[in-house]
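The structure appears right after this line, and notes come after that.
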Number of protein chains: 2
Amino acid sequence: MKKTILVFAALIFSILLLFQLGEYSLITGNVTIEIVIAIIALVFFGIGVVLNKKSLQQKKENQPQSEIDANKIEELEITNREYEVLQAVSEGLSNKEIAEKLFLSESTIKTHVSSLLSKLNAKRRTQAVQIAKELQII
Amino acid sequence: MKKTILVFAALIFSILLLFQLGEYSLITGNVTIEIVIAIIALVFFGIGVVLNKKSLQQKKENQPQSEIDANKIEELEITNREYEVLQAVSEGLSNKEIAEKLFLSESTIKTHVSSLLSKLNAKRRTQAVQIAKELQII
DNA sequence: TTCAGCCTCATACTAAAGTGCCAAATCGCT
DNA sequence: AGCGATTTGGCACTTTAGTATGAGGCTGAA
């Protein structure tokens with residue numbers, strides 16, 4: 001916030017300077033009024049663009065649509081291992097492939113998948129993935 | 001594009017009018033130069049904001065992350081029916097459920113799924129869904 | 001140390017999913 | 001009418017998935 005205030009102060013100061021310069025130039029007759037106005041217009045146009053861009057950026061950062069995980073995982077009582085398996089399942093891996101990936105037996109994966117299905121209230125792994133995505137768990 | 005040209009023409013015309021009005025007011029002595037400059041500054045500031053917003057919007061429309069389908073479906077030679085089945089599969093439905101939904105036999109669904117798998121180069125339906133999402137086909 | 005919860009694995013089945021092959025019906029196009 | 005692609009479906013099998021049940025090992029908390 002300190003930074004913002006400093007920037008604004010500098011900005012206002014610059015603008016005032018610009019005004020003074022414009023009037024001074026006019027009085028001394030160095031430039032015509034059209035040029036002064038054109039410069040001022042350009043400067044403000046630029047300020048408008050920059051400020052707008054910044055405010056839009058902030059918006060983006062504040063609310064990115066795909067907010068990753070959540071504490072819903074806890075609510076559903078999904079354990080660490082189960083979550084790992086869930087992720088692997090969502091990548092389209094078979095039980096055997098998941099087993100190899102995690103250095104476990106296929107039986108173990110089946111156990112985990114089974115409990116995942118009941119916790120996610122799904123009948124098939126495809127449905128589980130669907131539900132998990134809706135809950136933004138993956 | 002016609003619209004854009006018209007808008008720009010109107011904009012430029014308005015600005016010229018503004019300039020003329022400003023000079024006229026100055027000459028007749030109705031307002032001070034500061035006010036004229038302030039108005040011009042404000043107007044250009046506004047123009048900057050609006051134009052910037054529009055250009056950013058266009059960017060968004062041109063490349064929004066979740067651009068729905070694509071002509072990749074054609075490239076992959078996926079037929080209409082197959083695509084319908086693909087969507088159903090991605091919803092986590094079983095072959096039987098898809099069959100009921102589309103008023104077809106389970107055999108037919110299996111045929112469609114099978115050809116989908118080979119076209120998407122997948123080994124399992126879960127993988128097919130994954131790949132389809134990467135290709136932004138669903 | 002006792003115990004609940006998690007992780008691991010096995011066995012035995014049942015149920016889905018997938019494959020291959022074939023074939024009839026439909027549809028758009030020439 | 002004839003052709004090619006699509007759609008539909010059956011049958012016989014092989015592979016995965018999923019369920020049920022049981023059980024041993026590990027760990028942190030009471």
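The shown structure was predicted, so the numbers you read here are calculated from the model rather than taken from an experiment. Reminder, nothing fancy here: chain letters follow the sequence lines and each chain counts from 1.
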Separation of atom NZ in B/K96 from atom P in C/dG18, rounded to whole Å:
15 Å
Atom CG of B/L86 and atom P of C/dA17 are separated, to the nearest Å, by 15 Å
Note: B/E97-A/R124 ion pair, threshold 4.0 Å (strictly below)
yes
Whole-Å distance, A/R81 CZ to D/dC26 P, equals 16 Å
If the cut-off is 4.0 Å, is B/S114 near the phosphate of C/dG18, judged by side-chain N/O to OP1 or OP2?
no
Residue pair B/T111 / B/S114, side-chain donor-acceptor N/O under 3.5 Å
no
Can you tell me which nucleotide in D/dT8, D/dA17, C/dA17 comes closest to the side chain of A/R124?
C/dA17
Do B/R81 and B/E84 sit within salt-bridge range, that is, some charged N less than 4.0 Å from a carboxylate O?
yes
Contact nearer the 5' end of DNA chain D, comparing A/K123 with B/F103
B/F103
Residue B/K110, side-chain atoms from C-beta onward, closest of C/dC7, D/dA17, C/dG18
C/dG18
Whole-Å distance between D/dT16 P and B/Q127 CD?
13 Å
Nearest to the A/N80 side chain among D/dG9, C/dG18, C/dC7, which nucleotide is it?
C/dC7
Is the side chain of B/E82 donor-acceptor paired with the backbone N or O of B/T79 at a distance under 3.5 Å, no angle test?
yes
Can a side chain N or O of B/T79 be found less than 4.0 Å away from OP1 or OP2 on D/dA5?
no
Below 4.0 Å: OP1/OP2 of D/dG10 and any side-chain N or O of B/S105
yes
Between D/dT16 (P) and A/E106 (CD): distance, integer Å:
8 Å
Would you indicate which nucleotide in C/dA10, C/dA17, C/dC7 comes nearest to any side-chain atom of B/S94?
C/dA17
Is A/T108 touching bases, backbone alone, or none of the nucleic acid, heavy atoms closer than 4.0 Å?
base
What is the distance from CG of B/N95 to P of D/dG9, rounded to the nearest Å?
13 Å
Measure the distance from CD1 on A/I109 to C1' on D/dT19 and round it to the nearest whole Å.
16 Å
Give the nucleotide from the list C/dT8, D/dG10, C/dG18 with an atom nearest to the side chain of B/S107.
D/dG10
Please give, in whole Å, the distance from C/dG5 P to A/E77 CD?
10 Å
Think A/H112 has a side-chain N or O under 4.0 angstrom from the OP1 or OP2 of C/dC9?
no
Electrostatic pair B/K101:B/E91 at N-O distance under 4.0 angstrom
yes
